[in-house]
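Here's the structure we're looking at; comments come further down.
Chain A is the first sequence line, chain B the second, and so forth, proteins listed ahead of strands; every chain is numbered from 1.
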Number of protein chains: 2
Amino acid sequence: MKGSDNTNFIPNLSYDCVIFGFNGKTLKILILEYQNTGFFALPGGFIRKNQSLKEAVDQGVEERTGLKNVFLDQFQVFGSLDRSDSFAMRKILEANNKDIEENKWMMNRFITVGHYALINYEDVDPKPDHLSDSIGWYAIEDVPRLMMDHNDIVDKALEVLRNNISEKIIGMNLLPQKFTMKQLQQVFEAILDQKLRRTSFQRKMLSLDILERHEKLFEGKAHKAPYLYSFT
Amino acid sequence: MKGSDNTNFIPNLSYDCVIFGFNGKTLKILILEYQNTGFFALPGGFIRKNQSLKEAVDQGVEERTGLKNVFLDQFQVFGSLDRSDSFAMRKILEANNKDIEENKWMMNRFITVGHYALINYEDVDPKPDHLSDSIGWYAIEDVPRLMMDHNDIVDKALEVLRNNISEKIIGMNLLPQKFTMKQLQQVFEAILDQKLRRTSFQRKMLSLDILERHEKLFEGKAHKAPYLYSFT
DNA sequence: TGTCTATTGTCTCACTTTATGACAATAATT
DNA sequence: AATTATTGTCATAAAGTGAGACAATAGACA
């Protein structure tokens with residue numbers, strides 16, 4: 001939880017971010033843990049009064065990952081009355097020796113703008129500690145119990161990712177610039193949580209006319225060397 | 001603009017609503033005009049501190065249309081710094097003899113949650129005046145210049161409607177309970193702004209298994225009488 | 001060095017889905 | 001009773017997808 005000047009932020013409004021990464025095998029998300037509380041949560045924060053929503057979210061993502069210009073999309077606003085948890089917020093403030101009175105506004109009711117981000121796992125700064133929280137990758141099937149309604153936010157983000165996103169955006173943001181057809185297929189299999197047919201998948205991707213084929217991959221791997229592709 | 005107790009509302013946060021209706025020929029949206037200002041705007045409002053976002057929006061739509069249980073979907077949050085217009089807001093308050101000092105919070109910067117609604121045009125209460133604003137239907141190609149970024153909000157709502165929505169939701173909410181295949185096709189043609197092939201469209205709709213076929217339509221129309229359908 | 005083996009790129013065939021046109025049935029109009 | 005425009009349905013062609021076959025290949029391994 002960053003910032004402490006209670007006049008600088010828009011009250012009652014926050015953002016939360018489901019940051020997806022792909023490690024080559026499974027889809028993962030970034031979860032942070034508030035020290036000395038046992039609380040897990042999504043990376044999130046507040047919006048300054050003289051700051052656009054996008055600026056606030058970009059800044060929060062950069063602070064957590066070290067990445068700029070990350071693909072980000074709002075997918076839902078969570079605005080129910082019962083989603084806030086002033087008790088947990090108080091414990092977090094106490095555990096970090098923050099002045100309760102001064103940060104009382106944080107214990108109010110909050111409406112949050114849910115975002116998801118797609119990033120290249122390899123690009124992330126591996127030293128994840130930030131101020132009072134530690135942060136780490138969790139496979140989507142191993143996400144722990146999170147604060148407030150953050151598990152719902154994750155579920156919804158995944159649903160939107162599965163249904164609404166174009167092939168190009170998924171691949172461009174979750175993979176390195178050059179990749180093999182197999183890697184591309186594995187991203188889709190991880191997101192959709194199902195096996196795909198190799199030949200059909202390849203034919204489909206090539207027919208979409210979004211891939212550029214490069215020379216061979218020499219990697220120490222055995223067997224026939226696959227082509228490398230990038231997005232056009 | 002309803003309400004005047006400046007302690008009851010969440011500051012800096014509003015909602016706006018693109019309410020779509022279909023009159024049998026074209027897609028229309030509800031636009032309100034603030035009296036004595038020449039300002040056109042989307043129906044919108046603020047969220048009370050003890051009210052969920054959904055309650056606030058439902059209430060605002062009901063006040064404007066007389067309809068309960070309207071299909072509503074958030075589609076984007078508009079959070080740029082330059083979208084607010086304190087000058088216009090002041091003129092609206094003045095034109096309605098509201099106390100400027102008491103309503104000063106309304107001239108602050110606002111982040112707004114964009115929604116769209118799909119309603120049956122015939123169901124709408126035809127006496128549209130409400131407090132200080134008059135309200136009326138505009139074909140989407142005839143929408144006037146709106147306040148602030150409301151034209152952008154309309155454009156985005158239409159884009160989302162065209163891309164993301166299931167056949168059933170579109171038809172169920174924009175049409176009367178019983179309708180002909182032709183009417184259903186006209187809804188889609190109005191939304192997508194393109195002609196569709198009659199036979200393909202009919203086969204597609206029937207194959208989706210979302211329609212129930214009823215008896216004949218006796219209407220004074222000439223030619224072969226079409227079936228009536230409703231959604232299952 | 002030569003053989004083995006798993007992976008890759010491509011092709012084929014069957015099957016499904018979609019596009020497009022044809023045609024008969026029909027209900028008011030004449 | 002014939003006309004006419006519209007509707008429901010079918011026929012055929014075109015495009016897309018599922019599932020398997022097969023040769024090419026590059027490291028592994030004897």
* Asked: Looking only at side-chain N and O atoms, does Lys182(B) come under 4.0 Å of OP1 or OP2 in dT7(D)?
  -> yes
* Respond yes when some side-chain nitrogen or oxygen of Lys224(B) is under 4.0 Å from OP1 or OP2 of dA5(D), and no when none is. => no
* **Sub-4.5 Å side-chain heavy-atom contact between Thr232(A) and Asp209(A)** => no
* Indicate whether OP1 or OP2 belonging to dT20(C) is found under 4.0 Å from a side-chain N or O atom of Arg197(B). => yes
* Within less than 4.0 Å of OP1 or OP2 of dT9(D), is there a side-chain N or O belonging to Arg213(B)? -> yes
* Choose from dG21(C), dG18(D), dG9(C) the nucleotide whose nearest atom is closest to any side-chain atom of Ser200(A). => dG18(D)
* Structure fact -> Taking every heavy atom of Leu27(A) against every heavy atom of Ala190(A), the minimum-distance pair comes out as N-CB, 3.9 Å
* **Closest nucleotide among dA21(D), dA6(C), dG27(D) to the Ala222(A) side chain** => dG27(D)
* Structure fact -> Taken to the nearest whole Å, CE/Met205(A) to P/dT17(D) is 10 Å
* Asked: On DNA chain D, nearest-nucleotide positions of Met181(B) versus Arg203(B): which is more 5'?
  -> Met181(B)
* Taking only side-chain nitrogens and oxygens of Lys221(B), does any of them come within less than 4.0 Å of OP1 or OP2 of dA27(C)? -> no
* Structure fact -> Phe201(A) atom CZ is separated from dG9(C) atom C1', nearest whole Å, by 15 Å
* To do: Let me know, please, whether Arg198(B) or Ser207(B) comes out on the 5' side of the other along DNA chain C by nearest nucleotide.
  => Ser207(B)
* Asked: Taking atom P of dT17(C) as reference, at what distance in whole Å does atom CD of Gln202(B) sit?
  -> 18 Å
* Asked: Can Phe22(A) and Phe188(A) be said to form a ring pair (Phe, Tyr, Trp, His ring centres under 6.0 Å), step by step?
  -> CA-CA 10 Å; Phe22(A) 180 71; Phe188(A) 278 82; 9.9 Å; no
* Nucleotide nearest Tyr227(B) when distance is taken to its side chain, options dG8(D), dA28(D), dA22(C) -> dG8(D)
* Asked: Does atom CD of Gln194(A) have more than 12 heavy-atom neighbours from other groups under 6.0 Å away?
  -> yes
